[in-house]
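Notes follow the structure.
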Amino acid sequence: FIPNLKRSRIRRLWTYEEVNEMTTEEIIQLLLNMGIPFDKDEFLRDTEECYSAEQISEGWFRFFEVTAEGRDEDFPWLAAWVLWERLAPADNVSLEKMSDLIDEGADYSFADDPATASDIWLRVWEALKYKCKFEPSTLAFLDGHYRGSFFVSNFVQDLEIELHNAGVRDKTYFQKRIDYCREFLNFFPDEDELITHNTRRAIAESYASLGDYERAELEFEKLVQDFPNNPWGYIGWGGMHFRRDDYGKAKELYTRALTVTTDKGDIAAVQERLEDLEEAIKTQEQV
């Protein structure tokens, strides 16, 4: 049960949809009426330097004598959100819009449509790249700016996985996965060893999925050279040979994986693959 006064106040609040129905001129005029001396060039500079429309709105309240009260208190924030979308370059996207796109992509992912989810999330990636052009960034740095809405460090890994899921149905997404992973490594060359390894392994596995086994072989070889103590490089490499019925090479690589790990989960994963390999060898011998 919501008291009548509270229901009335909720109905009076500005919404994004309501502001978005206004013309740009109407939005700017209302900002001026509220004591915000809107200047397009200055606003565009703010969109380059800020990460969210809320950050811009807070600046207005801090530096100007803003008269917005009650229902109107949210208007400057929503106005900044809408104007950002209308006036800034396409790849310059606010936190608010990124958050909407991530949620939209997640809906498609849950609906078992990884291609559409990937396409939407790649728009978020383009927006993150745009922000990274202006100053060196790390995932931790970006997490600090976007934490109120989403974690960039989680998103970049979810995108890689979704591109793989899309590639299983449409191989063109394996090339998109390769392109994305290479861009990620270029923008974030000094990240955690685990995410770097997983990203490079995704590149190698994507080449294998595209049938470019020569390139995949080179990628896996360099991966295990650079990360000799990570068993998943050998596991991924062995999996490629297993799928190509090169059982001898697959067994060699799986065995090498066992020599570099003491983790029980990793050991169990390798042993399971070795058991599958033995079954495949027996089946081949019986044919």
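Numbering of residues begins at 1 and proceeds along the displayed sequence.
In this structure, a donor-acceptor pair under 3.5 Å is present between the side chains of T116 and D113. Side chains of D119 and Y173: a donor-acceptor N/O pair is present below 3.5 angstrom, by distance only.
Scanning all heavy atoms of the two residues, the minimum distance from Y234 to P228 falls at OH-O, 3.1 Å. Across all non-hydrogen atoms, the minimal contact from V270 to Y254 is CG1-O, 3.3 Å. The heavy-atom pair separating L142 from C132 by the smallest distance is CD1-SG, 3.9 Å. Here the closest non-hydrogen pair linking V224 and G233 is CG1-C, 3.8 Å. In plain terms, the two heavy atoms of L13 and E18 that are nearest each other are O-OE1, 4.0 Å. The shortest non-hydrogen separation linking I178 to S206 is CG1-CB, 3.4 Å.
Atom-to-atom distance recorded for L253:CG and L277:CG is 10.5 Å, nearest 0.5 angstrom. Distance check, rounded to the nearest 0.5 Å: CG of L218 to CG of D212 gives 9.0 Å. R200 CZ to L223 CG: the interatomic distance, rounded to the nearest 0.5 Å, is 5.5 Å. Expressed to the nearest 0.5 Å, how far CZ of F187 lies from OG1 of T138 amounts to 14.0 Å. E191 CD to T196 OG1: the interatomic distance, rounded to the nearest 0.5 Å, is 6.5 Å. In this structure, CG on L258 lies 6.0 Å from CG on L274, to the nearest 0.5 angstrom.
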Given W237 and E221, is the side chain to side chain donor-acceptor pair (under 3.5 Å) satisfied, shown in steps? CA-CA 8 Å; W237 197 359; E221 184 175 6; over 6 Å; no
I'd like to know whether S209 forms a side chain to side chain contact (heavy atoms under 4.5 Å, CB included) with V168, so could you lay out the CA-CA distance, the side-chain angles of the two residues, the decisive distance to 0.1 Å, and finally the verdict. CA-CA 8 Å; S209 296; V168 171; over 6 Å; no
Let's go through D72 and W14 carefully: what are the C-alpha distance in whole Å and the side-chain angles of both, what is the deciding distance for side chain to side chain donor-acceptor pair (under 3.5 Å) to 0.1 Å, and is it a yes or a no? CA-CA 7 Å; D72 290 336; W14 282 98; 2.9 Å; yes
Full working for side chain to side chain contact (heavy atoms under 4.5 Å, CB included) between L163 and Y180: CA-CA 9 Å; L163 285 166; Y180 160 69; 3.9 Å; yes
Can you list the steps and then say if V93 with W84 is a side chain to side chain contact (heavy atoms under 4.5 Å, CB included)? CA-CA 8 Å; V93 179; W84 189 325; 5.5 Å; no
For the pair E205 and R201, evaluate salt bridge (charged side-chain N to carboxylate O under 4.0 Å, His left out) and give the outcome as yes or no after the intermediate values. CA-CA 6 Å; E205 291 177 343; R201 180 160 59 90; 3.3 Å; yes
Decide yes or no on side chain to side chain contact (heavy atoms under 4.5 Å, CB included) for N92 and K131, but give the supporting numbers first. CA-CA 7 Å; N92 182 5; K131 283 300 184 187; 3.8 Å; yes
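Evaluation of the salt bridge (charged side-chain N to carboxylate O under 4.0 Å, His left out) rule for E219 yields R182, R215 as partners, not counting sequence neighbours. Legend: residues meeting salt bridge (charged side-chain N to carboxylate O under 4.0 Å, His left out) with K251, ordered by chain and number and at least two apart, are E278. The side chain to side chain contact (heavy atoms under 4.5 Å, CB included) test applied to D246 returns H241, K249, not counting sequence neighbours. In this structure, T255 has no side chain to side chain donor-acceptor pair (under 3.5 Å) partners at least two apart in sequence or on a different chain. Residues forming a side chain to side chain contact (heavy atoms under 4.5 Å, CB included) with Y213 (at least two apart in sequence, or on another chain): A208, M240, R244. For R169, the salt bridge (charged side-chain N to carboxylate O under 4.0 Å, His left out) partners at least two apart in sequence or on another chain are D112. For S109, the side chain to side chain contact (heavy atoms under 4.5 Å, CB included) partners two or more places apart in sequence, or in a different chain, are A117, E162. With sequence neighbours left out, K222 forms a salt bridge (charged side-chain N to carboxylate O under 4.0 Å, His left out) with D226.
Ion pairing between a basic and an acidic side chain is recognised when a charged N comes within 4.0 Å of a carboxylate O; E126 and K129 show such pairing.
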Sequence neighbours left out, cut at 3.5 Å: what donor-acceptor pairs do the side chains of residues 55-70 make with other protein atoms?
| from | atom 1 | to | atom 2 | distance (Å) |
| --- | --- | --- | --- | --- |
| Q55 | OE1 | Y51 | N | 2.9 |
| S57 | OG | W77 | N | 3.3 |
| T67 | OG1 | M34 | O | 3.2 |

May I have the list of side-chain donor-acceptor pairs in residues 25-33 shorter than 3.5 Å, sequence neighbours left out?
| from | atom 1 | to | atom 2 | distance (Å) |
| --- | --- | --- | --- | --- |
| E26 | OE1 | T23 | N | 2.9 |
| E26 | OE1 | T23 | OG1 | 3.4 |
| Q29 | NE2 | N33 | OD1 | 3.0 |
| N33 | ND2 | Q29 | O | 3.4 |

Enumerate donor-acceptor pairs with a distance under 3.5 Å from any side-chain N or O in residues 146-155 to protein atoms, sequence neighbours excluded.
| from | atom 1 | to | atom 2 | distance (Å) |
| --- | --- | --- | --- | --- |
| S149 | OG | S99 | OG | 2.8 |
| S153 | OG | D143 | OD2 | 2.8 |

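Inter-residue side-chain proximity for T199 and E160 is flagged as unmet; no heavy-atom pair is nearer than 4.5 Å. Within the 4.5 Å cutoff, the side chain of T15 has no heavy atoms near those of the V19 side chain. Side-chain contact check for D245 versus Y247: some heavy-atom pair is nearer than 4.5 Å. Put simply, the side chain of N165 reaches to within 4.5 Å of the side chain of I161, judged on heavy atoms. The closest side-chain heavy-atom distance from R123 to M98 is not below 4.5 Å. Contact annotation: the side chain of I195 approaches that of L139 to within less than 4.5 Å [non-hydrogen atoms, C-beta and beyond].
Criterion: ILVMFWY side-chain heavy atoms under 4.5 Å apart, direct or through other members. Under it, L87 and L78 are part of a common hydrophobic cluster. In the hydrophobic cluster analysis, where Ile, Leu, Val, Met, Phe, Trp and Tyr join through side-chain heavy atoms closer than 4.5 angstrom, I235 is grouped apart from V260. In the hydrophobic clustering of ILVMFWY residues, with side-chain heavy atoms under 4.5 Å counting as a link, F75 and F38 come out together. Hydrophobic clustering of Ile, Leu, Val, Met, Phe, Trp and Tyr side chains at less than 4.5 Å, counting indirect connections, unites L122 with L101.
Classification of the F184-W125 ring pair by plane angle, with boundaries at 30° and 60°, yields tilted. By the 30° and 60° cut-offs, the orientation of the rings of F174 relative to H164 is perpendicular.
Environment of OH in Y108: sparse, with no more than 12 heavy atoms of neighbouring residues, nucleotides or ligands closer than 6.0 Å. Crowding of E193 atom CD: a count of heavy atoms from other residues, nucleotides or ligands under 6.0 Å not exceeding 12.
Counting only residues at least two apart or in different chains, salt bridge (Lys or Arg N to Asp or Glu O under 4.0 Å) contacts with residues 261-273 are absent.
Of the possible polar contacts, none joining the E104 side chain to the I120 backbone as a donor-acceptor pair under 3.5 Å is found.
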